[in-house]
Amino acid sequence: MGRHANPDIRRAFQEFTDETTPSKCAKVRCLHCGFTRAKNTTRQIEHLQSCQAYLQSPDASAHLQQTPQNVAGTVDPASMAQDATPSRGILNGTHPNPNLQVHRRGPNTNKRTRDGQLIAPHPGPPPQPHPSLAAHLLARFSSPFAQATQQPFLSHAGCGTLSASALSQWLIQDAHYARGYIRFIGNILSKIRLPVVPNSQFHQTYRIMDLLISALNNIRREMTFFEITATKFGLQMTDEPPNQITRAYLDLFVSSTSSGASLLEGMVVLWATEHCYRAAWQYAASFTPTLSTPSTDAHIVALHQQLIPNWTSPPFSKFVDACRVLVDELANTTTSPNGKEEMQRCEQLFEHVCWLEERFWPDVDGMGEEDETARLANAPGGHSMSMSAGPGGPFSTPNPSTAAHTNPQYGANGVGVPGPSQQSPNLGGLDTPTRESPAASFSVGGALNGIAEAAAANASGAGGAGS
């Protein structure tokens with residue numbers, strides 16, 4: 001009884017060692033009724049609450065006289081004598097042991113120190129944030145991302161100095177992009193395997209499916225939105241075929257969702273394209289306050305009243321954020337035989353999207369007029385850009401002078417480089433020409449739960465696809 005030093009318990013029970021048991025456990029015997037049990041302070045208090053011999057003894061009366069009146073836990077001896085079941089408040093730990101709570105549930109939130117002060121609960125270690133693949137990609141490729149989303153076409157669109165021909169050229173190519181986007185989303189959906197779960201609303205796979213279905217609905221509405229806007233504001237929409245950059249974008253959609261690509265890779269391309277679009281049009285919107293007087297040109301009115309608000313609206317921003325959340329969740333839960341390779345492929349895909357986005361915007365001169373000479377064109381050797389989703393793919397335009405790079409993951413035939421001074425990093429089979437003369441290189445860094453820690457450094461050599 002030394003632990004609690006309860007004089008009532010010590011006077012009411014006799015301690016002894018049971019020699020008949022192998023463990024020789026300590027037992028106690030009630031001196032009032034003779035009840036015997038294993039030594040346990042809580043159970044001894046409970047016994048005294050129901051022991052009529054003790055409740056009618058002078059010890060119980062003396063204990064009640066020492067306890068202040070009208071305090072929770074005091075019981076009238078007369079009511080105890082009349083009722084065979086006394087109140088639970090008697091000897092419930094308020095005296096002499098304030099830390100003891102009989103029949104309590106949950107943790108003892110009223111724990112006190114020796115001086116009677118409440119003990120603050122231990123806050124525990126702070127929750128560790130999950131690594132973010134999206135944040136890693138944005139940090140690693142911040143410069144290509146900025147170049148992709150801060151083009152002169154966008155600043156002229158925001159300032160109201162963009163020519164009608166440049167806007168029409170972009171609308172034509174974006175319409176080809178939208179049609180390829182539908183097939184792209186369908187290919188991602190084909191990779192999903194829906195498990196049987198009791199509550200599908202919160203399951204990751206079903207949430208990805210809901211997001212992709214929403215993307216299909218959005219792109220269909222966008223196609224109708226383009227048609228209405230072009231008709232309303234008299235914008236020229238011809239049947240011009242997709243240019244080289246648009247074809248490369250469509251090839252990327254096919255290769256990133258091929259049979260050898262993972263669901264994560266397709267989702268990274270989806271988020272990357274949508275995030276670039278949002279950031280680009282937000283950059284254009286940042287120039288609208290510089291307009292001194294509103295323009296009366298139909299295409300500028302269309303930009304400021306329809307197009308720019310469409311991709312800077314809260315609903316579109318919410319959709320892009322949902323894509324990012326699911327990319328991060330998928331990256332942290334995906335188990336891959338080789339996480340380092342999958343991380344590297346995701347980096348290559350994001351860098352490739354930034355490269356294509358930078359060149360997807362029509363080139364314009366200082367006056368906002370379309371500049372045909374600035375865009376990547378056919379080189380003197382007759383080299384044309386071509387990329388396919390595989391040998392004989394739907395977007396394949398073979399060129400004998402183009403270096404062929406076959407990758408089992410993407411199966412792309414490579415890209416011809418216009419001019420001998422431009423080289424491209426071999427992005428896992430997706431050879432991407434760059435505007436800079438030195439070959440690009442990259443290393444793998446960061447870590448993702450469920451994928452594996454990426455290598456500390458893995459520089460990739462550049463493979464020129466030109467002549």
Side-chain angles (χ1 to χ4, degrees), residues 130 132-134 136-137 177-197 199-220 248-276 319-353 356 387-396 406-412 427-430 448-452:
H130 292 293
S132 171
L133 174 60
H136 166 73
L137 295 175
Y177 166 93
R179 288 188 286 271
Y181 183 95
I182 294 177
R183 180 180 179 183
F184 168 61
I185 297 299
N187 290 340
I188 301 179
L189 279 169
S190 67
K191 292 181 175 293
I192 293 179
R193 298 295 179 267
L194 297 176
V196 179
V197 293
N199 193 346
S200 62
Q201 181 181 1
F202 302 101
H203 193 273
Q204 180 188 88
T205 305
Y206 285 86
R207 289 164 55 215
I208 293 176
M209 179 191 69
D210 292 338
L211 179 77
L212 296 175
I213 294 174
S214 176
L216 284 176
N217 292 329
N218 291 340
I219 198 66
R220 183 64 186 97
Y249 223 138
L250 299 178
D251 288 344
L252 177 63
F253 281 167
V254 175
S255 61
S256 62
T257 56
S258 63
S259 59
S262 66
L263 175 62
L264 175 61
E265 293 169 51
M267 291 296 295
V268 166
V269 173
L270 171 63
W271 165 74
T273 57
E274 301 292 8
H275 185 62
C276 284
F319 169 75
V320 177
D321 292 339
C323 291
R324 172 171 179 161
V325 169
L326 287 174
V327 165
D328 287 340
E329 287 187 13
L330 192 60
N332 282 285
T333 56
T334 298
T335 56
S336 174
N338 195 329
K340 172 185 172 182
E341 291 183 2
E342 188 164 16
M343 165 70 87
Q344 187 175 3
R345 290 195 299 269
C346 290
E347 290 181 339
Q348 294 165 358
L349 288 168
F350 184 82
E351 185 181 24
H352 197 63
V353 169
L356 290 172
M387 180 185 295
S388 73
F395 304 104
S396 177
T406 303
N407 183 281
Q409 183 68 32
Y410 297 105
L427 302 181
L430 294 177
L448 287 179
N449 298 336
I451 291 184

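- Here the side chains of Tyr177 and Thr273 are in contact, with some heavy-atom distance below 4.5 Å.
- At least one side-chain heavy atom of Leu211 sits under 4.5 Å from a side-chain heavy atom of Phe319.
- Looking only at side-chain heavy atoms (C-beta outward), Cys323 and His275 stay at 4.5 Å or farther from each other.
- Put simply, the side chain of Phe184 does not reach to within 4.5 Å of the side chain of Leu252, judged on heavy atoms.
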(request) Would you please test Val353 and Val269 for side-chain contact (heavy atoms from CB on, under 4.5 Å) and show each step? (result) CA-CA 7 Å; Val353 169; Val269 173; 4.3 Å; yes
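- Shown here for Ala261 and Ser255, the closest heavy-atom pair between the two residues is CB-O, 3.9 Å.
- The shortest distance between side-chain heavy atoms of Phe253 and Asn187 does not fall below 4.5 Å.
- Considering CZ of Arg183 and OG1 of Thr257, their distance stands at 7.5 Å, rounded to 0.5 Å.
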(request) Please step through side-chain contact (heavy atoms from CB on, under 4.5 Å) for the pair Thr205 and Arg193, ending with a clear verdict. (result) CA-CA 8 Å; Thr205 305; Arg193 298 295 179 267; over 6 Å; no
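- Using a 4.5 Å heavy-atom cutoff, the side chains of Leu189 and Leu216 are in contact.
- In this structure the side chain of Leu212 reaches within 4.5 angstrom of the side chain of Ile192, judged on heavy atoms.
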(request) Might you work through the side-chain contact (heavy atoms from CB on, under 4.5 Å) test for Val325 and Arg207, ending with a clear yes or no? (result) CA-CA 11 Å; Val325 169; Arg207 289 164 55 215; 4.2 Å; yes
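- The heavy-atom pair separating Tyr206 from Pro195 by the smallest distance is OH-O, 2.6 Å.
- The two residues Ala248 and Leu356 make their nearest non-hydrogen contact at CB-CD2, 3.7 Å.
- To the nearest 0.5 Å, the span separating CD on Glu341 from CD on Gln348 amounts to 10.0 Å.
- Lys191 places a side-chain N or O within donor-acceptor distance of the main-chain N or O of Ser258, the cut-off being under 3.5 Å.
- Of the inter-residue distances, the one linking Leu133 atom CG with Leu330 atom CG reads 9.5 Å to the nearest 0.5 angstrom.
- One finds the CD1 atom of Ile213 at 12.0 Å from the CG atom of Asn218 (value rounded to the nearest 0.5 Å).
- Between Val268 and Leu137 the shortest side-chain heavy-atom distance falls below 4.5 Å.
- Of all non-hydrogen atoms in Asn332 and Asp328, the two that sit nearest each other are ND2-O, 2.7 Å.
- The distance from atom CG of Leu264 to atom CZ of Arg345, rounded to the nearest 0.5 Å, is 9.0 Å.
- Without hydrogens or angle criteria, Tyr249 side chain to Gly180 main chain gives no donor-acceptor distance under 3.5 Å.
- No salt bridge links Arg324 with Glu274; every basic N to acidic carboxylate O contact stays at or beyond 4.0 Å.
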